[in-house]
Trainee: 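Sharing a structure, written as structure tokens. Questions coming.
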Amino acid sequence: MIEFKARLKKKIHEKLKAQFPLELSEIEIGYSPQQKFGDLALAFPFQLAKKMKRQPRELASEITQQLSSPEGIQRIEVAGAGYINLFLDREKFFASRLHRLDRTSLSPDEEKIIIEHTNINPNKAAHIGHLRNACLGDTLARCQKYKGETVEVQNYIDDTGVQVADVVFGFMDLEKKSLPQIKEIKEKFDYHCWDLYARVSSYFESHPEAEKRRSEILKKIEEGKNPEYEISYYISRQILKAHLQTMRRIGVTYDVLPCESSILHLKFWEKAFSKLKEKKSIFHVDDGPNKGCWVMELEEEADKEKIIVRSDGTVTYVGKDIAYQLWKFGLLEKDFYYEPFIEENARTIWISTAESKHKAPSFGKGSLVYNVIDTRQAFLQKVVVQGLKTLKYLAQAEKSIHFSYEMVGLSPKSLKELGLILAEEDKGKDFLEVSGRKGLGVKADDLIDRLEEKALTEVEKRNPDLADDFKKDTAVRIAVGALRYFMLKFARNSLIVFDFEEALSFEGETGPYLQYTLVRINSIFRKLEEREGFKEKDLHALLLAKEIPLGSLSDQEQADFWDVVLYASQFEEEVLHSIRSLEFSHLAKFSFNLSQKFNSYYHLYSILAEKNREVKNIRILTIHYIREVLQKVLFLMGIPQPELM
RNA sequence: GCGCCUGUAGCUCAGGGGAUAGAGCGACGGACUCCGGAUCCGUAGGUCGGGCGUUCGAAUCGCCCCAGGCGUGCCA
């Protein structure tokens, strides 16, 4: 539809530009709200009427005369106060859609796109908030790749921060364990650390004197070659592996894992620091409360300054982030080394190192960078962009995009289900923030386990005779479908108050509903083959038709057929719209609406039982078209396809 | 205080300046001698937080109020 509209727009402009003051960009082609108003609608006569000081309706009819019937358009009508409604030539349009099924009208705009997402501190298990992040980031990556872009997915690992140090403290000082003893832990390691981290946090609250030990651990981790460092290294790598495995379960993967430890050892910050000083992006403060710090003045609030380097000379998190952002654009004049971290489906995921030991691909040097981080970090992301601006990297500042989204909260009901007790201060709240520090949250693997369990029960109910492995595999797909759709269906600025009942639902607007729709379509094709020997090649023969003779359909069926086909044809527009607005709830909505339209159609028009060959063939082509679109859109959302369910 | 975000049906949420504001859940009532009922059809349910403005046209844009959330650390 994108290329169809583009051609049409040009044609309209050609025909009108001599007589009307109309720019190509002013012609917007929208969709009519109802079939009786046609398929496409032009509203520009309203603007034109104003410009020319004339009646819109009158102008619209003049324009309609002038346009006659462009190619592909069967009829043009003036409607309402001045709309021009276009009726497509359905037979030609549908045939051309079928011919274009394996082509795309999208094309890349960038050299290379970098998407950073997930970024979980490697000191505890992943939770539902992280799942939202990963689902959004992964869907963006899939859509950009579909568009034809070169995409690199980075997952930043903060392996030297206080969170990891806290768990080191937990193991060494609270549990009194040595590294060999830690390695013997049988329990799921990320789960063990989840509890331990919460214990450490509350320990620090009641034992302020332990602070000293905490800073000592931090220092030792940075120095390396001591038990604290060895343990921290073990923890962060072990938990990172657990995170990657969790994400693998829902079909999310990465290209490279840049680590903070590498940034530290390779002195990325020092390089960035000298650049910032050189360009006077940051200033040394000589007196006042921030005496001794290096600060950046904030664009919008001139009286406020953001500390980049503390008075003791250590750099803050934002400072390191600026260095990392410069690296992503290839502007730092420094680079990481890499080694393979794990193999996944015959693909290597690389992790950054401080030494050159392996031949590795080149990463970074993006032309467009997305940072998928929740909205609470908006301020810091702004500071990072301002860093680029003050360094005069204006183009890159424009191309640093904070893909922000609201957090996932917990309803008091789901807390109760988890057996967690509300703190006094939290009573009366509608929702609670997920907090790793407090151990407050739904662990990602727990949720996926529960989804799989429920899906398995449902599969058992419907298909008791299938092989166990097959049932299990199907349940996994359904679970992933349910989870990924759930994470995408909300607009990104909408706070998700997590509720088990809602998340575990497989009916209505859910992933399984979409999967079920596809399974149904496939089942029709399977039966066509079983009962009538209708094969792939027979379908291909039908697809070649130059025109589809819709005359054999009843008026009502023509209308119903057209409703679903015209909608399905908007797929790539939806992809583009979702990318541009970073709003993948559009894509989710589209897939759901399309499924709904199919399901209604399905109940009205039988395919297998239809006697009229022409009618039957059109129906076969219709559901094939829907299937093709639905498969693509599900893939973009990372929703797997079950064979049966 | 300042900045960002949110307010739409009982609940959860969609709505890209355009024609009669839509789904899902829940409630109630129905559906094929069947291509899979994880489905479909119908009914009830709305001062789009309030006000003013811009516009041929506002849930959508602007301003002001009201209510809520999140930022605003020499934490990350």
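Chain letters run A, B, ... following the sequence lines, proteins first and then strands; every chain starts at 1. Computed from a predicted structure; not experimentally measured.
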Trainee: Should the pair Phe592(A) and Tyr485(A) be assigned to parallel (<30°), tilted (30 to 60°) or perpendicular (>60°) ring geometry?
Mentor: tilted
Trainee: Answer whether the closest heavy-atom distance between the side chains of Lys50(A) and Gln47(A) falls below 4.5 Å.
Mentor: no
Trainee: Could you tell me whether the side chain of Lys36(A) has a donor or acceptor atom within less than 3.5 Å of a complementary atom in the base of U20(B)?
Mentor: yes
Trainee: With distance as the sole test, does Ser32(A) use its side chain to make a donor-acceptor pair with the main-chain N or O of Phe37(A) at under 3.5 Å?
Mentor: yes
Trainee: Salt bridge between Glu557(A) and Arg619(A), side-chain N to carboxylate O under 4.0 Å?
Mentor: yes
Trainee: Should the side chain of Thr375(A) and the base of C70(B) be counted as holding a donor-acceptor pair, with the cut-off at 3.5 Å?
Mentor: no
Trainee: Using 30° and 60° as the class boundaries, would you call the ring planes of Phe500(A) and Phe498(A) parallel, tilted or perpendicular?
Mentor: perpendicular
Trainee: Check whether any side-chain nitrogen or oxygen of Arg376(A) sits under 4.0 Å from OP1 or OP2 of C4(B), and answer yes or no.
Mentor: no
Trainee: Is Lys461(A) salt-bridged to Glu458(A), going by a charged N under 4.0 Å from an acidic O?
Mentor: yes
Trainee: Remember a base hit wins even if backbone is also touched, and classify Leu604(A) as base, sugar-phosphate or nothing at under 4.0 Å, heavy atoms.
Mentor: nothing
Trainee: Convert the base pairs of RNA chain B into dot-bracket notation, remembering that pairs crossing earlier ones are written with [ ] and that bases paired across to another strand are shown as |; include only Watson-Crick or G-U pairs under 3.5 Å.
Mentor: (((((((..((((....[...)))).(((((.......))))).....(((((..]....))))))))))))....
Trainee: Give Gln515(A) one of three labels, base, sugar-phosphate or nothing, depending on what nucleic acid heavy atoms sit under 4.0 Å from its own.
Mentor: nothing
Trainee: Looking at Lys219(A) and Glu222(A), does any basic side-chain N land under 4.0 Å from a carboxylate oxygen?
Mentor: no
Trainee: If you compare every side-chain N and O of Ser523(A) against the phosphate oxygens of G36(B) (OP1, OP2), does one of them come in below 4.0 Å?
Mentor: yes
Trainee: With sugar-phosphate meaning primed atoms plus P, OP1 and OP2, does Ala378(A) contact a base, only sugar-phosphate, or nothing at under 4.0 Å between heavy atoms?
Mentor: nothing
Trainee: Think Tyr513(A) has a side-chain N or O under 4.0 angstrom from the OP1 or OP2 of C40(B)?
Mentor: yes
Trainee: Rounding to the closest angstrom, what is the interatomic distance between G68(B) and G62(B) at atom P?
Mentor: 23 Å
Trainee: Looking at the side chain of Tyr516(A), which of G37(B), A76(B), C35(B) is the nearest nucleotide?
Mentor: G37(B)
Trainee: If only side-chain N and O atoms count, and only distance matters, is there a donor-acceptor pair under 3.5 Å linking His624(A) with Arg627(A)?
Mentor: yes
Trainee: Under 5.5 Å centre to centre and under 30° between planes: does that hold for Tyr83(A) and the six-membered base ring of A19(B)?
Mentor: yes
Trainee: Is there a side-chain contact between Arg526(A) and the phosphate of C35(B), meaning an N or O under 4.0 Å from OP1 or OP2?
Mentor: no
Trainee: Would you call Glu205(A) and Arg437(A) a salt bridge, using N to O less than 4.0 angstrom?
Mentor: yes
Trainee: Taking the nucleotide of RNA chain B with the closest heavy atom to each, which residue, Lys589(A) or Asn463(A), is nearer the 5' end?
Mentor: Lys589(A)
Trainee: Please classify the nucleic acid contact of Lys461(A) as base, sugar-phosphate, or nothing, using heavy-atom distances under 4.0 Å.
Mentor: nothing
Trainee: Mind checking if Ser494(A) touches a base, just sugar-phosphate, or nothing, with heavy atoms under 4.0 Å?
Mentor: sugar-phosphate
Trainee: Within the structure, does a side-chain N or O atom of Arg520(A) lie under 4.0 Å from either OP1 or OP2 of G37(B)?
Mentor: yes
Trainee: Would Arg132(A) and Glu406(A) pass as an ion pair if we require N to O under 4.0 Å?
Mentor: no
Trainee: Classify Asn290(A) by what it touches in the nucleic acid, base, sugar-phosphate, or nothing, heavy-atom distance under 4.0 Å.
Mentor: base
Trainee: What nucleotide among G15(B), C35(B), C5(B) has an atom nearest to a side-chain atom of Asn493(A)?
Mentor: C5(B)
Trainee: Looking at His402(A), I'd like to know whether one of its side-chain N or O atoms comes within less than 4.0 Å of OP1 or OP2 on C4(B).
Mentor: no
Trainee: Please indicate yes or no: is the ring centre of Phe37(A) less than 5.5 Å from the centre of the six-membered base ring of A19(B), with the two planes inclined by under 30 degrees?
Mentor: yes
Trainee: Kindly state whether the pair His603(A) / A31(B) counts as stacked, where counting means centroids closer than 5.5 Å and planes tilted less than 30° apart.
Mentor: no
Trainee: Could you go over nucleotides 41-43 of chain B and give all protein N or O partners under 3.5 Å, atom names and distances?
Mentor:
| residue | atom | partner | partner atom | Å |
| --- | --- | --- | --- | --- |
| C41(B) | OP1 | Ser600(A) | OG | 2.9 |

Trainee: Using a distance-only criterion (donor-acceptor N/O pair, under 3.5 Å, no hydrogens), is the base of A19(B) paired with the side chain of Asn85(A)?
Mentor: yes
Trainee: So what does Pro33(A) touch, heavy atoms closer than 4.0 Å: a base, only the sugar-phosphate, or nothing?
Mentor: base
Trainee: Tell me whether the side-chain N or O atoms of Glu507(A) pair up with the base of U39(B) as donor and acceptor below 3.5 Å, since no angle test is needed here.
Mentor: no
Trainee: Gln377(A) has an atom CD; how far is it from atom P of G71(B), in whole Å?
Mentor: 10 Å
Trainee: For nucleotides G15(B) and U60(B), find the distance between their C1' atoms and express it as a whole number of Å.
Mentor: 9 Å
